[in-house]
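See structure below.
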Number of protein chains: 2
Amino acid sequence: MTIGTLAPVCAALGDETRWTILSALGEGDASASALAGRLPVSRQAIAKHLAVLQEVGLVEPVRVGREVQYRVLGSHLSDVAHRLDAIGAEWDRRLAAIKEIAEGL
Amino acid sequence: MTIGTLAPVCAALGDETRWTILSALGEGDASASALAGRLPVSRQAIAKHLAVLQEVGLVEPVRVGREVQYRVLGSHLSDVAHRLDAIGAEWDRRLAAIKEIAEGL
DNA sequence: ATTGACTGCAACTTGATGGTTGCATGTCAA
DNA sequence: TTGACATGCAACCATCAAGTTGCAGTCAAT
């Protein structure tokens, strides 16, 4: 049950602005410029966020003519979610076992 | 499918040191001082991390005599994981639908 | 060919955060 | 009651990250 690369993904998901971006991309692919039109931050700020999200595999660039659209990768988010779930379950299992021993005489 | 308080929890999970702490707590409750004995950071630093983790509900303090032990809350981590999974699945579902429309004429 | 729009890179500012040390407080136990 | 150990609070430092502006490079369309 290796933690491995989990922290960077969580760090990427720890920013509200990035959730706003992900949420927007969830309704369809979009470029940094297009997103900058809807959100109250500069295009460059959005580009940085997209780079972070791409780095951890939550988003994927797709060239369309001269612009670069970004696509959200739901399956990767689900993968991360499953790993977190497994860790949480493991903690509960272990603590239950400890409690068992403590009570059981 | 509200995002709500998801970002703060993810931000808390975005730090390697906090994962080390959580991992240690996963093997049994421990106080800040006890953790400081095993980890290469000061007790105060650990106390701050525990405060962050407690803030987002990943950890719970338990007074034992004069010391304060912390217990990891696996079920809460699993809750978060399920919410993330649902969001990822929703993204995939929507993009599949869009693709369907684009192809299916 | 030129113009306009989109991308990419770089420098800078600023606020948040992880870390430290020092000291005060509190509480168990001999 | 007094000493030892644990917590809590505060100040401080350094680094990182989010955001900005500005400019250069590309590519499509007129």
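Treat the numbers as computed from the prediction; the structure is a model and nothing was measured.
In this structure, A/V68 and A/L50 have side chains that are not in contact, with every pair of non-hydrogen atoms separated by 4.5 Å or more.
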With sugar-phosphate taken as primed atoms, P, OP1 and OP2 and all else as base, the protein-contact string of nucleotides 18-30 of chain C at under 4.0 Å (heavy atoms; B, S, -) is SBBBB----BB--

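Atom CG in A/L53 sits roughly 13 Å away from atom C1' in D/dA18 (whole-Å rounding). Rounding to whole angstrom units, CD of residue B/E16 and P of D/dT15 are separated by 19 Å.
Atom CG of B/L53 and atom NZ of B/K48 lie 14.0 Å apart (nearest 0.5 Å).
For A/L25 against A/A30, the heavy-atom pair with the smallest separation is CD2-N, 3.7 Å.
When heavy atoms are screened at a 4.0 angstrom cut-off, B/A32 is found touching the sugar-phosphate backbone but no base atom.
Taking A/S31 as the reference, nothing meets the side chain to side chain donor-acceptor pair (under 3.5 Å) condition, with sequence neighbours excluded. Annotation: side-chain contact (heavy atoms from CB on, under 4.5 Å) contacts of A/Q44 (sequence neighbours excluded): A/S42.
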